[in-house]
Amino acid sequence: MSIQNPLRLLNLAGKSLLTNEALAISTLEYLPIELFPPLFMEAFWGRHRKILTALVQAWPFVRLPLGGLMQTPHLGTLQAVLDGLDVLLTQKDRPRKFKLRVLDLRNTGQDFWRMWSGSSVHMSSSSSMAPMAEDGSRIEKRLAVFEVFTELHLKERTMNEFLTYLLNWVEQRDPFIHLCCKKLKIVSFPMDNIMNVLSMVQLDCIQELHVNCTWHLSTLAMIAPLLGQMSNVQKLFVSYIHLPDPEEWNEQHIVKITSQFLRLHHLQDLHLESPFYLEGCLDQMLRCLMKPLDNLSITHCLLTDSDLTHLSQSPNISQLKSLNLSGVTMTYSSPELLPALLEKVSATLQELYLEQSGIRDSHLEAILPALSHCFQLTSFSLRGNLLSMPIMKKMLRHTSELPSLSRELHLHYSQDSDLGPEKIPMKSGETESQIRMSLWTPPRLLDLAAMSLLRKEDLAMSALEFLPIELFPPLFMEAFYGSHSKTLKTMVHAWPFVRLPLGGLMELPHLITLQAVLDGLDVLLTQKERPRRCKLRVLDLRNTGQNFWSMWSGYTDHMSSSLLVASVPQNRSRTEQPLAPLEVFVEMSLKEWAMDEFLTYLMRWAEERKDSIHLCCKKLKIFGMPVENTMKVLSMVQLDCIQDVEVNQNWHLSSLATFAPLLGQMSNVQRLILSASEEQEQHVVVQFTSQFLKLHHLRDLYLESPFFLSGRLDQMLRCLMSPLDNLAITHCLLTESDLTHLSQCPSISQLKGLDLSGITVADFSPELLQVLLEQVADTLQVLDLNQCEIMDSQIEAILPALSHCSQLRSFSMCGNLLSMAAMEKLLRHTSGLPSLSQEFYPAPLESNSSQAVLSKERLAQLRAELLEILRDLGHPRTIWLNFVFFASHDYDKYSHLEIIEYVPA
């Protein structure tokens, strides 16, 4: 039987109270402590925001684990709770029962709520206080008035509305709130935004830090002082940091970064992926470590013999439980270095990963004695190395007496013809499947042949002329993962397929592999006659082609060689023009002041061979790079290959005019995003807009702050050569004449998306928007009219046209000034649109006082009126209210939102 504990009567009392909201709020002062959690849960699930706000003000526990109730961040609930905290912050005397010091928004605290919901064994009220003890994450430091714990995951270019709202709230209450997070992740987030967010965070709370950003080393050095302030960090993960150009190398960056480890007295786990900047200077970091590590990972980089020596001598690795050196090439290292390292850690080591490290039989032979003394070892992986069957059998014998080793070994092996897996020695009672071999298929015999060939690199290179086509991809992959640069170089001039999708093998840009492949292309370019079997016309460095490699590695069904050749046809991205001898495809993101070393090397190589190479990219991004540097880079690119262009620059129009002729040469561009600045002379505008005459395939056009088009929009519109799918002209001044020309433009007749956010229409004739919407009503799916100063008169005019937009899925009008009466008409006219699912509206004007200050009481009343309107319309519907009436053009429309949802009973 299902018995609800604890205190079934209290749960029923909580549900009963919620039937009378005013009574519930008035009785909180006298409510038993045991009733607070059940009542809070009932109010949370029933979205009784007033009661939630009141409960916060009387909360009788130290901690409120709100995140434990939310499977996904819930903005409305957060707003209600923070409103309650705001009341407390303004009070001199706290309520009698109040103890709240910590608001926890992380996904924790489920045990607390389960106990009170009856899902766990009942505990007395006295024992229930124990889980609410004050958090001790910050050592020897008194708590602020309130602590707010949250998880911070800074990614892409913006944050979600939940985190944005929270950070804005904290920033405005800085003296009274400590924002804490134990786990911080930074993934491709702009540096200015990172510094702004971290300025609000108690850095000594952070215990785990992940940095996964394509930064230059100078950028990492810039944020290093903040790392030093994270004095309680225990786990540190850093990856994707790129070196600067050689002429910009500055050893002070290394010192600035590594010296911060002197402050990390609690660091236990250190994971560095691709730390190329530590090559030859690993000792600088090691001597700054302040305590023995539990786990160390240094992967996918080049370390010198000196680095490995310093690592084996470091006192801070003596207690290591896990060591990962995958991708650290050992091929040319002295075989004695690894044994010294393993001897240092043998007493404590539990996990050892040496994948794709170029380890050969001689290295493994040298480490076997030390390996056999790693009595705590539970997991061991050598995947991606080339080992013979005899050395593998010898290794298994040496490790057979290790008591903790699970025998789930991960190995690549090169198998002799008379030795099979059944001859591998195993402990008594073990089965063959307990030893995991990494075997690449299809087909098995060809893979083994590839591995065998690479044991004798000279033989492999001499045999390429007679090698079956099916063996090329497996052999290339083995050479790639084993860092056999000579074999890679030779295979390029005998490659029997049209395309070499090298980027599909590289999780990160890999300079050494690129150099080997380009060296092979150099040989081809100097030959008057191509080798008999070579068909290579395209080198693809983008993150594509995984299906090609997966097929040959055995992850997909085997296909015949004829089908394979058909699956990699010659690229026809440029129409009616013969291919150059060789095409090189790459992704281009021109940002900051310099490019990463991978792209820099490629560009220099292509520049020296520009008559023989066509450098192509389909997607071009320009962020913060000076126009002179941009012009130089693009002079080496086949501009008619580009299909997607994004220019996010504060260029003056003169710079844009310099760029314009190159835009005109991008004849196959389909998507153009442009952020520009200030107005200039008429002839410059003509020089830019006339380029659109050449863009016959343009489908999506996004123009942010194009002030130079004010009063001249017709000049651009009449140059559009094809119907657009999406058009955005935002945050600038347009005239009535501009909007008239826009509504008459034939290129908007098939629009699916229209964004005019930030275009002021307050002084325009109300009929202008009506005519524009009538032109696009048959196809429009997304309409954004945020911050257009739209008033009731404009709404009245567009309602008939808007009600005929039968394809409309998303409609946003945040930041406009609409009365409640206009809102009601708007909701009624759009209620019949069958596809409309996302609706963002401004809070009605009546919610503001005469001083333009948001009145929460009035807003709550209007929310109730709007809900009644939705109920009267009679079908399920969700709308979002934005209560920012006056904001800068770059505000986030998804912040400060109130949800109003009607679901029929």
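- Expressed to the nearest 0.5 Å, how far CZ of Phe585 lies from CD of Gln638 amounts to 9.5 Å.
- Using modelled atom types and a 3.5 Å distance limit, the side chains of Thr544 and Asp540 yield a donor-acceptor pair.
- In this structure, OG on Ser705 lies 11.0 Å from CG on Leu709, to the nearest 0.5 angstrom.
- Between Arg537 and Glu583, no side-chain nitrogen of the basic residue sits less than 4.0 Å from a carboxylate oxygen of the acidic one, so the salt-bridge criterion is not met.
- A side-chain donor from one of Ser722 and Arg699 sits under 3.5 Å from a side-chain acceptor of the other.
- Residue pairs that meet the salt bridge (charged side-chain N to carboxylate O under 4.0 Å, His left out) test with at least one member in residues 716-744, sequence neighbours left out, are Asp714-Arg718.
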**Asked** Given the rule in the side-chain hydrogen bond (donor to acceptor under 3.5 Å, both in side chains) test, do Asp784 and Ser757 qualify, once you have shown the distances and angles that lead to the verdict?
**Response** CA-CA 6 Å; Asp784 287 331; Ser757 297; 5.2 Å; no
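- We find the CG-CZ distance between Leu674 and Phe659 to be 8.0 Å, quoted to the nearest 0.5 Å.
- For the residue pair Thr730 and Asp755, no side-chain donor N or O sits within less than 3.5 Å of a side-chain acceptor on the partner.
- Remark: Phe692 engages Phe688 in a ring-ring contact (aromatic ring centres under 6.0 Å, His included) (not counting sequence neighbours).
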Side-chain polar contacts of residues 797-808 - donor-acceptor pairs under 3.5 angstrom, sequence neighbours left out - could you list them?
{"residue": "Ser803", "atom": "OG", "partner": "Leu799", "partner atom": "O", "Å": "3.3"}
{"residue": "Ser803", "atom": "OG", "partner": "Pro800", "partner atom": "O", "Å": "2.7"}
{"residue": "His804", "atom": "ND1", "partner": "Pro800", "partner atom": "O", "Å": "2.6"}

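- Checked options Gln670, Lys618, Lys621, Arg671; the residue passing with Asp644 is Arg671 (criterion: side-chain hydrogen bond (donor to acceptor under 3.5 Å, both in side chains)).
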**Request:** Might you work through the salt bridge (charged side-chain N to carboxylate O under 4.0 Å, His left out) test for Lys619 and Glu587, ending with a clear yes or no?
**Result:** CA-CA 6 Å; Lys619 189 171 184 178; Glu587 293 178 348; over 6 Å; no
**Request:** Carefully, step by step, assess Lys632 and Glu607 under the rule salt bridge (charged side-chain N to carboxylate O under 4.0 Å, His left out).
**Result:** CA-CA 10 Å; Lys632 183 178 180 181; Glu607 185 177 22; 5.0 Å; no
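- Across every non-hydrogen atom of Leu693 and Met721, the tightest pair is O-CG, 3.3 Å.
- Side-chain atoms of Tyr702 and Glu704 form no donor-acceptor pair, as typed in the model, at a separation below 3.5 Å.
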